[in-house]
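Convention: sequence-line order gives letters A, B, ...; per-chain numbering from 1. Note that the structure is predicted; figures quoted are calculated from it, not measured.
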2 protein chains.
Amino acid sequence: MTEVDLPEPPWRRRSKKTRRQVLDRDRIVEVALRIIDEEGIDGLSMRRIAEELDTGPASLYAHVSGKEELLDLVLDRVIGEIELPEPDPARWQEQVKAWAREGRRVMKAHRDIARISLGRIPTGVNVLRSAEWLIGLLRGAGLPDRVVAYAGDLGALVVGAYVFEESVEEANADPETYAMVADYMLNLPPDLFPHITSMGTALFEGGADERFEFLIDVFVAGLAAVAARDQTP
Amino acid sequence: MTEVDLPEPPWRRRSKKTRRQVLDRDRIVEVALRIIDEEGIDGLSMRRIAEELDTGPASLYAHVSGKEELLDLVLDRVIGEIELPEPDPARWQEQVKAWAREGRRVMKAHRDIARISLGRIPTGVNVLRSAEWLIGLLRGAGLPDRVVAYAGDLGALVVGAYVFEESVEEANADPETYAMVADYMLNLPPDLFPHITSMGTALFEGGADERFEFLIDVFVAGLAAVAARDQTP
DNA sequence: TTCGTTAGTAGAACAGTGTTCGTTTATACG
DNA sequence: CGTATAAACGAACACTGTTCTACTAACGAA
């Protein structure tokens with residue numbers, strides 16, 4: 001007799017699931033991050049996470065107070081990937097750049113995660129440790145407290161904003177979109193936009209790395225100049 | 001006989017509304033902006049706008065392709081409020097700051113509108129005119145094309161990110177939240193966070209204006225330094 | 001004026017979101 | 001073992017942006 005492949009009866013499926021799979025916060029955060037890596041932030045929903053964990057969305061709320069807290073945790077988890085050297089105040093400028101590059105590197109590794117870093121009060125342990133490192137470096141270098149205090153916060157803001165913009169540009173990096181935008185700008189009315197149109201393709205030169213390096217160059221040179229001014233009565 | 005106030009019969013109400021109120025894009029944008037002013041960006045939905053216009057949300061789609069386009073239009077409408085002087089290349093540094101202050105001023109006047117400015121490809125006429133002004137100024141001042149091209153974009157990014165962060169802080173500006181955050185940071189473990197804890201309240205000094213002025217000071221000084229370097233072979 | 005076409009509006013519905021609430025299940029503790 | 005607590009579950013809520021179809025209004029030509 002031919003063996004017949006019957007669907008398993010529903011009453012039998014239950015026995016496989018008697019043991020509840022235990023959730024914990026770290027697991028939720030890791031799954032959330034994986035979803036962001038694959039689908040971007042807009043692909044992340046509580047249901048999506050629950051689906052991956054084979055549970056229901058309501059179960060997540062036993063471990064996080066809501067989506068906002070979850071995003072805090074995910075961001076902090078990412079910033080924890082930053083690797084920083086021993087602070088060397090004699091080389092503070094190069095080290096501020098290294099700090100910024102590290103911030104960019106870890107965020108870039110996770111799609112559009114940088115979007116979460118914006119407009120958020122820094123409370124995670126890794127986020128704070130990163131700030132601590134920078135503040136320690138700048139104090140060691142003898143920069144005025146006012147400069148140190150501001151730089152700690154504004155540095156993260158500038159890097160996060162840049163990396164977020166970069167992630168948007170990467171998402172729209174197909175040659176068609178790029179050509180369309182460039183075409184649009186280069187064909188603006190020259191009487192209204194003489195400088196944009198005459199600059200032409202120079203507006204679009206340099207890649208993301210170069211632009212980022214320029215930005216942190218400007219930031220660090222500016223810090224140095226303002227700090228020097230602050231120290232000259 | 002006492003006059004009786006009867007509800008108007010339903011068949012009679014229709015006659016008042018035979019004339020359809022005509023929507024147009026500008027009206028939609030203005031209403032959207034007013035809702036943002038009063039309720040913030042999270043208070044803005046297509047239904048909310050339609051409610052204010054006494055129509056249905058589907059009607060909006062005859063005038064805008066979707067919410068994203070609407071937000072583009074709202075932002076451009078806001079940036080149109082910027083007032084800029086005649087460019088004077090001899091004073092380019094002060095004028096870059098004036099440009100940044102104007103950007104901040106108009107965005108600050110509209111709650112958390114700055115959030116929309118982030119991660120957005122600049123295509124609105126006012127956004128482009130603002131960039132055109134800045135680029136024209138910097139070219140007039142003889143800055144290298146590379147510097148000009150980067151500064152146009154990064155300037156807007158820095159200002160937008162700052163103003164957005166500022167709007168978040170203003171939304172959380174009640175003394176209780178502020179005290180809670182300060183308390184949290186000042187009571188971190190000193191062995192892990194020696195610099196943050198020893199800086200103490202210096203971390204929270206200065207208001208938003210001062211921090212913004214610091215940021216644009218750094219940005220402009222940095223631009224000047226990098227530009228000077230670029231011009232020295 | 002009438003009629004046909006086009007553009008705009010309206011309403012229902014779809015697919016999705018974050019979250020709450022009450023119930024059930026599992027775990028921890030005495 | 002019994003009780004209390006914590007975690008998980010499922011249904012439902014209130015809301016979102018958008019699409020689709022039908023209706024209405026406006027416009028232009030005859």
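As rounded to whole Å, 14 Å separates atom P of C/dG8 from atom CZ of B/Arg27. Summarising the geometry, the separation between CG on A/Leu53 and P on D/dA7 is reported as 16 Å, rounded to the nearest angstrom. Atom CG of B/Leu71 is separated from atom C1' of D/dT16 by 13 Å (rounded to the nearest Å). Remark: C1' of D/dA7 and CD1 of A/Ile28 are 11 Å apart, rounded to the nearest angstrom.
In this structure, B/Thr123 has no side chain to side chain donor-acceptor pair (under 3.5 Å) partners at least two apart in sequence or on a different chain. Considering only residues two or more places apart in sequence or on other chains, A/Asp112 meets the side chain to side chain donor-acceptor pair (under 3.5 Å) condition with none of them. With sequence neighbours excluded, the residues forming a side-chain contact (heavy atoms from CB on, under 4.5 Å) with B/Glu51 are B/Arg48, listed by chain and number.
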Treating primed atoms plus P, OP1 and OP2 as sugar-phosphate and everything else as base, which nucleotides of nucleotides 17-22 of chain C get B, S or - for protein heavy atoms under 4.0 Å?
BBBB--
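Listed by first and then second residue, the ring pair (Phe, Tyr, Trp, His ring centres under 6.0 Å) pairs that reach into residues 161-190 of chain B are B/Tyr162-B/Phe212, sequence neighbours excluded.
Note on A/His63: a side-chain N or O is less than 4.0 Å away from OP1 or OP2 of D/dA8.
A/Leu128 CG to A/Ile79 CD1: the interatomic distance, rounded to the nearest 0.5 Å, is 11.0 Å.
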Name every donor-acceptor pair, under 3.5 Å, that has one atom in a side chain of residues 101-108 of chain B and the other anywhere in the protein, sequence neighbours excluded.
from, atom 1, to, atom 2, distance (Å)
B/Arg101, NE, B/Glu213, OE1, 3.4
B/Arg101, NE, B/Glu213, OE2, 2.8
B/Arg101, NH1, B/Glu94, OE2, 3.0
B/Arg101, NH2, B/Glu213, OE1, 2.9
B/Glu102, OE1, B/Glu83, N, 2.6
B/Glu102, OE1, B/Arg105, NH2, 3.0
B/Glu102, OE2, B/Arg105, NE, 2.8
B/Arg104, NE, B/Glu166, OE1, 3.0
B/Arg104, NH1, B/Asp209, OD1, 3.1
B/Arg104, NH2, B/Glu166, OE2, 2.7
B/Arg104, NH2, B/Asp209, OD1, 2.6
B/Arg105, NH2, B/Glu81, O, 3.2
B/Lys108, NZ, B/Glu166, OE2, 3.2
B/Lys108, NZ, B/Glu170, OE2, 2.9

